[in-house]
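This report refers to the structure that appears directly beneath it.
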Amino acid sequence: MTTAMQEQLEGSTPHILSQTPDALIRQIGEMGQPAFRARQLVDWLFQKRISDPDRMSNLPASFRTQLRDSFDWSLPGIVSRLDSEDGASKLLLRDAKGMQFEAVILRYEGRTSLCVSSQVGCKLACRFCQTGKLGFFRHLRADEIIAQFMLANQLLESEERRISHVVFMGMGEPLDNPDSVLAAVRLLTSPDAFGLSYRRVTVSTSGLVPGIMRLADKSLCSLAVSLHAARDELRTELMPVNRKYPLAELKEALLFWQKQTGQRITIEYILIRDKNATRREAKELVRFLHGLRAKVNLIPFNPHPGLEYQRPALREIEDFQSYLSARGYPSPVRYSKGMEVSAACGQLAAKHQESIFSAPLRRNVVTASGLPGTSSRLS
Ligand code: SAH
Ligand code: SF4
């Protein structure tokens with residue numbers, strides 16, 4: 001069932017950001033408005049990426065009032081914005097009840113990526129991950145995922161930039177929330193909605209097999225898999241989810257996804273000292289990759305308080321990388337631009353609070369400049 005259908009059944013006001021263009025056109029018709037008005041609204045939302053009816057200047061005031069009454073237009077509040085010198089802005093957002101989640105804008109030459117959250121917290125408890133330590137609070141709805149995209153675009157207006165790529169690498173496991181994530185992905189990549197190329201929208205998963213099967217659809221999106229170990233015993237230690245979906249099953253799902261989509265898979269591999277970064281693990285990884293058309297992103301572990309791991313020495317990282325590239329697997333090392341804080345997985349929210357709940361809302365407090373660092377691996 002789509003979010004829009006669910007909203008209707010529940011009798012709640014449908015959120016404007018969970019509507020497809022077709023659904024909007026139908027509903028605007030039912031409101032007694034001519035078709036060109038619906039097209040104007042669709043243009044504001046999906047082409048101009050504006051989600052404030054007051055800015056929709058070619059719509060008559062009476063129609064705007066009608067729209068305000070018929071849809072929920074609320075957006076998450078911006079608790080803080082942290083800008084780093086290397087072109088990242090981390091937005092800490094909160095919902096109506098004060099629960100916090102994050103989105104990260106990453107500016108590059110010629111492209112601007114947005115890293116979005118799909119949940120507040122995460123159930124999967126990976127041992128190296130801050131979000132995993134926080135535990136699970138709730139799923140984000142499709143409109144809340146799209147709201148991250150709208151807010152980011154709004155902030156970028158003054159820079160004459162817009163988001164060109166979206167990666168689901170913020171807080172949460174996207175495929176543990178597949179209905180909302182799929183609805184958001186479809187809005188982002190449908191040619192009649194936001195129209196981003198499926199190559200530019202990447203869902204990153206810790207390896208939830210049923211979700212991967214649901215994503216195995218041509219031209220839907222790109223796939224990144226957080227592997228981090230290619231030996232069951234070690235992967236289960238780092239990522240308890242491996243008990244439920246062990247490597248053999250995961251590999252089968254990836255082969256299926258590859259066959260259905262014809263696309264290359266990105267494998268994410270965090271390098272952790274004395275854990276998964278020796279020649280033995282490199283060999284196991286190459287064995288796992290056999291038959292996959294994959295690119296491997298090597299991510300030196302980002303240490304932070306409360307996590308026991310360290311990143312390996314530079315020589316070990318280079319060794320690991322050259323073993324992979326000698327066997328035909330491109331494997332760029334994605335260095336974080338700073339050591340203390342990174343854009344990885346829930347670290348912003350965790351840094352700002354003891355729990356996931358915020359203090360009373362301080363709307364639009366901007367704490368610009370001097371953020372210790374951010375990850376560049378999200379491209
Ligand atoms: N749940 C999804 C998406 C969010 S995590 C997933 O696991 O893929 C996004 C990426 O950040 C994952 O590859 C995750 O393993 C990585 N990550 C988490 N903690 C990290 C850390 N301390 N250092 C480096 N990368 C980390
Ligand atoms: Fe969840 Fe991903 Fe963090 Fe694992 S790495 S705890 S799946 S957010």
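Counting convention: from 1, in listed order, for ligands and their atoms alike.
One option in Pro300, Pro303, Gly170, Ser226 has a heavy atom closer to atom 7 (O) of ligand 1 than any other, and that option is Ser226. Looking at His228, Arg311, Glu268, it is His228 that brings a heavy atom closest to atom 14 (C) of ligand 1. Within the set Lys133, Arg334, Met239, Met169, the minimum heavy-atom distance to atom 9 (C) of ligand 1 is found for Met169.
None of the N, O or S atoms belonging to Cys129 lies under 2.8 Å away from atom 4 (Fe) of ligand 2.
Less than 4.0 angstrom separates some heavy atom of Thr205 from each of these atoms of ligand 1: 6 (C), 8 (O). Here is the list of ligand 2 atoms found below 4.0 Å of a heavy atom in Gly132: 6 (S). For ligand 2, the atoms closer than 4.0 angstrom to any heavy atom of Cys122 are 1 (Fe), 6 (S), 7 (S), 8 (S). Proximity to Ser206 (heavy-atom distance under 4.0 Å) selects the following atoms of ligand 2: 7 (S). Within ligand 1, the atoms closer than 4.0 Å to a non-hydrogen atom of Phe128 are 15 (O), 18 (C), 19 (N), 20 (C), 21 (C), 22 (N), numbered from 1 in the order shown. Numbered from 1 in the order shown, with element, the atoms of ligand 1 that lie under 4.0 Å from a heavy atom of Ile270 read 15 (O), 17 (N), 20 (C), 24 (C), 25 (N), 26 (C).
Remark: Lys275 fails to qualify as a cation-pi partner of Tyr309 under the 6.0 Å distance and 45° angle criteria applied to the six-membered ring.
Looking at Gln119, Glu144, Lys97 one by one, the single match for side chain to side chain contact (heavy atoms under 4.5 Å, CB included) with Arg138 turns out to be Glu144.
Here Cys126 has heavy atoms under 4.0 Å from ligand 2 in both its backbone and its side chain.
A donor-acceptor pair is defined here as one N or O able to donate and one able to accept, closer than 3.5 Å; such a pair exists between the side chain of Arg327 and the backbone of Tyr323.
With no hydrogens or angles considered, a side-chain donor-acceptor pair links Gln27 and Gln19 at under 3.5 Å. For the residue pair Thr278 / Glu316, no side-chain donor-acceptor distance below 3.5 Å is found, with atom types taken as modelled. Side-chain N/O atoms of Ser117 and Glu102 include no donor and acceptor closer than 3.5 Å. One side chain, Asp83 or Ser89, offers a donor N or O that lies under 3.5 Å from an acceptor on the other. If you check the side chains of Asp22 and Thr20, you find no donor sitting under 3.5 Å from an acceptor.
The shortest non-hydrogen separation linking Cys115 to Gly170 is SG-N, 3.3 Å.
The closest approach between any non-hydrogen atom of Phe168 and ligand 1 is below 4.0 Å. At least one heavy atom of Gly172 sits closer than 4.0 Å to an atom of ligand 1. Residue Gly172 places a heavy atom less than 4.0 Å from ligand 2.
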